[in-house]
Structures are given as C-alpha cells and as structure tokens.
Amino acid sequence: MASVLIAYYSRRGQNYVNGDIKNLPRGNTELIAEMIQKHVGGELFEIDTVKEYPIDYTECTLVAKDELRQKTRPELKKYLDDVNQYDVIYLGYPCWWGLPPMAVFTFLERYDWKGKIIRPFSTHEGSGLGGSISRIKKACPGSEVKAGLAIHGADAARSEAAVVNWLNRSS
C-alpha cells in the first residue's frame, strides 16, 4: 500500500466567503485535508509560515499579492525530514490569484519529488484551480501530477461527497 502525505496550507481567521469577510475558526483547505485523511489515511502536514500573515483579510491580501509579485519564498515553521517515505502526496492550498500561496512553493522547492504522485486540491472563491497545476508541475519535475480538485471555499464543510468522488476517480 502506498504511503500517503497530505500537505496543506490553510488560512484561519478572516476570509472572503461569498462576498463577505467572515472569521473562520478553521481554514477551508484544512477541512478538505482532514476529509482526505479520513478516507485514505496518511500523515497530515500543515505548511505554515514563520512570519504570520496579518489577521485583517484585506491587509493579508496585500501582503500575499506582494509576495506573488516578488516571487517570495516565505520561511516555514517546520519542514519534513524526508519525503522518500511517501509515494502519494495530496497537496492542498487556497487558490490566490490563480496560484497557491508562495509558502506552498517554499515547501515544494525544498524536496525532490521525482517518482512521486502529487494530487493537488484547492479551495477558492471563484478561480477554481487557476494556473496552479502547471506551476506545481514546473516546481516538481519528475513527479506525476494528477487531476486536481477545486472546492468552493464557502462549500468546504459540505464537500465530503465531492472529495470522496475525486478520491475514487483517480486512485
């Protein structure tokens, strides 16, 4: 049986939800990551930055957009010791301006993903997967990047059936 890692970045606190700013006790991507773990097992790994993003949603978007423009690679609080033990990596992130947050690229660029299967999943408020799949492929040469799953963030808590369907389609 394949060894599974579920690595994800998720934003708690103020988030844009169906046109309003709402305070989320747990991030949407985290909810999806936990659903995946429930159905496939594996180890959860939260991608988290040393420097925290502003609590205020609007301020956070300004910082994140600046990181994107500058192609910043924010330092992470922790890293995996080794990815060689994993065969399948579920990679989760919110889709910000059509891409994962720059912290996800910090994570991806640290390791050699050759021979690994990467299954991306994203939460979003309208952009779907955007251009994230091609950017993940570029950051992970030698890996097999499978079809991704995009979940509307406002629907994350009610998306278990969609997650299971995706898991069953390409397992």
Side-chain angles (χ1 to χ4, degrees), residues 2 4-49 52-53 55-58 60-61 63-65 67-68 74 76 86-108 113 116-140 143-171:
V4 173
L5 173 68
I6 305 157
Y8 67 94
Y9 176 86
S10 193
R11 178 170 166 81
R12 295 172 194 83
Q14 287 188 6
N15 275 272
Y16 184 79
V17 179
N18 286 335
D20 294 317
I21 304 299
K22 295 190 178 182
N23 192 32
L24 303 179
R26 293 176 52 228
N28 294 322
T29 309
E30 179 180 16
L31 296 175
I32 303 301
E34 290 171 352
M35 289 177 196
I36 292 169
Q37 185 187 42
K38 175 181 170 185
H39 291 280
V40 302
E43 179 182 338
L44 284 173
F45 180 83
E46 183 177 11
I47 300 168
D48 196 10
T49 56
E52 295 190 15
Y53 288 99
I55 293 170
D56 179 82
Y57 176 78
T58 302
C60 176
T61 64
V63 170
K65 191 173 258 186
E67 287 180 348
L68 176 62
L76 305 182
Y86 305 107
D87 302 307
V88 179
I89 294 83
Y90 291 87
L91 179 67
Y93 48 89
C95 201
W96 292 352
W97 301 285
L99 295 173
M102 293 296 100
V104 172
F105 292 106
T106 301
F107 174 77
L108 291 175
W113 302 102
K116 307 293 183 192
I117 294 170
I118 299 176
R119 302 197 61 206
F121 62 98
S122 170
T123 56
H124 65 92
E125 282 299 312
S127 62
L129 291 163
S132 65
I133 301 300
S134 63
R135 290 291 296 273
I136 291 167
K137 286 179 179 179
K138 186 176 178 181
C140 303
S143 68
E144 181 182 354
V145 180
K146 298 281 194 175
L149 172 68
I151 297 287
H152 187 252
D155 299 328
R158 301 178 305 277
S159 296
E160 192 160 356
V163 169
V164 170
N165 185 41
W166 174 68
L167 292 170
N168 290 335
R169 269 197 331 262
S170 55
S171 57

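We use all heavy atoms of the structure for the numbers below, so side chains are in, but hydrogens, waters and symmetry mates are not.
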Where [X] and [Y] come nearest, the two heavy atoms and their spacing:
{"X": "Y53", "Y": "R11", "result": "CB-NH1, 3.9 Å"}
{"X": "P120", "Y": "I133", "result": "CG-CD1, 3.5 Å"}
{"X": "G13", "Y": "N23", "result": "CA-OD1, 3.0 Å"}
{"X": "A33", "Y": "L44", "result": "O-CD2, 3.8 Å"}
{"X": "T123", "Y": "G153", "result": "CB-CA, 4.3 Å"}
{"X": "T106", "Y": "P74", "result": "OG1-O, 2.9 Å"}

Which value, rounded to the nearest 0.5 Å, describes the distance between [X] atom [atom1] and [Y] atom [atom2]?
{"X": "L68", "Y": "T61", "atom1": "CG", "atom2": "OG1", "answer": "12.0 Å"}
{"X": "C140", "Y": "K116", "atom1": "SG", "atom2": "NZ", "answer": "11.5 Å"}
{"X": "R119", "Y": "I89", "atom1": "CZ", "atom2": "CD1", "answer": "11.5 Å"}
{"X": "I36", "Y": "L31", "atom1": "CD1", "atom2": "CG", "answer": "11.5 Å"}
{"X": "I47", "Y": "L91", "atom1": "CD1", "atom2": "CG", "answer": "5.5 Å"}
{"X": "C60", "Y": "W96", "atom1": "SG", "atom2": "CH2", "answer": "4.5 Å"}

[X]: which residues meet the salt bridge (Lys or Arg N to Asp or Glu O under 4.0 Å) condition with it, sequence neighbours left out?
{"X": "R12", "answer": "E30, E46"}
{"X": "E67", "answer": "none"}
{"X": "D56", "answer": "none"}

Please check if the side chain of N165 supplies one atom and the backbone of A161 the other of a donor-acceptor pair under 3.5 Å. no
Taking only residues at least two apart or on different chains, which pairs with a member in residues 35-44 satisfy salt bridge (charged side-chain N to carboxylate O under 4.0 Å, His left out)? K38-E160
Scan for salt bridge (charged side-chain N to carboxylate O under 4.0 Å, His left out) pairs involving residues 127-138, sequence neighbours excluded, and state none if there are none. none
Pairwise side-chain contact, [X] with [Y], heavy-atom cut-off 4.5 Å (strictly under):
{"X": "V88", "Y": "L5", "value": "no"}
{"X": "I32", "Y": "S159", "value": "yes"}
{"X": "I151", "Y": "W166", "value": "no"}

Residues forming a side chain to side chain donor-acceptor pair (under 3.5 Å) with [X], sequence neighbours excluded:
{"X": "Y9", "answer": "none"}
{"X": "S122", "answer": "none"}
{"X": "D48", "answer": "K77"}

Side chain to side chain contact (heavy atoms under 4.5 Å, CB included) between F121 and L167: does it pass, once the steps are laid out? CA-CA 11 Å; F121 62 98; L167 292 170; over 6 Å; no
Among residues at least two apart in sequence or on other chains, which ones pass ring pair (Phe, Tyr, Trp, His ring centres under 6.0 Å) with [X]?
{"X": "Y86", "result": "none"}
{"X": "Y16", "result": "none"}
{"X": "F107", "result": "F45, Y111, W113"}

Do other residues, nucleotides or ligands put more than 12 heavy atoms under 6.0 Å from I55 CD1? no
How would you list, by chain and number, every residue that makes a side chain to side chain contact (heavy atoms under 4.5 Å, CB included) with A154, sequence neighbours excluded? V17, N18, E125, H152
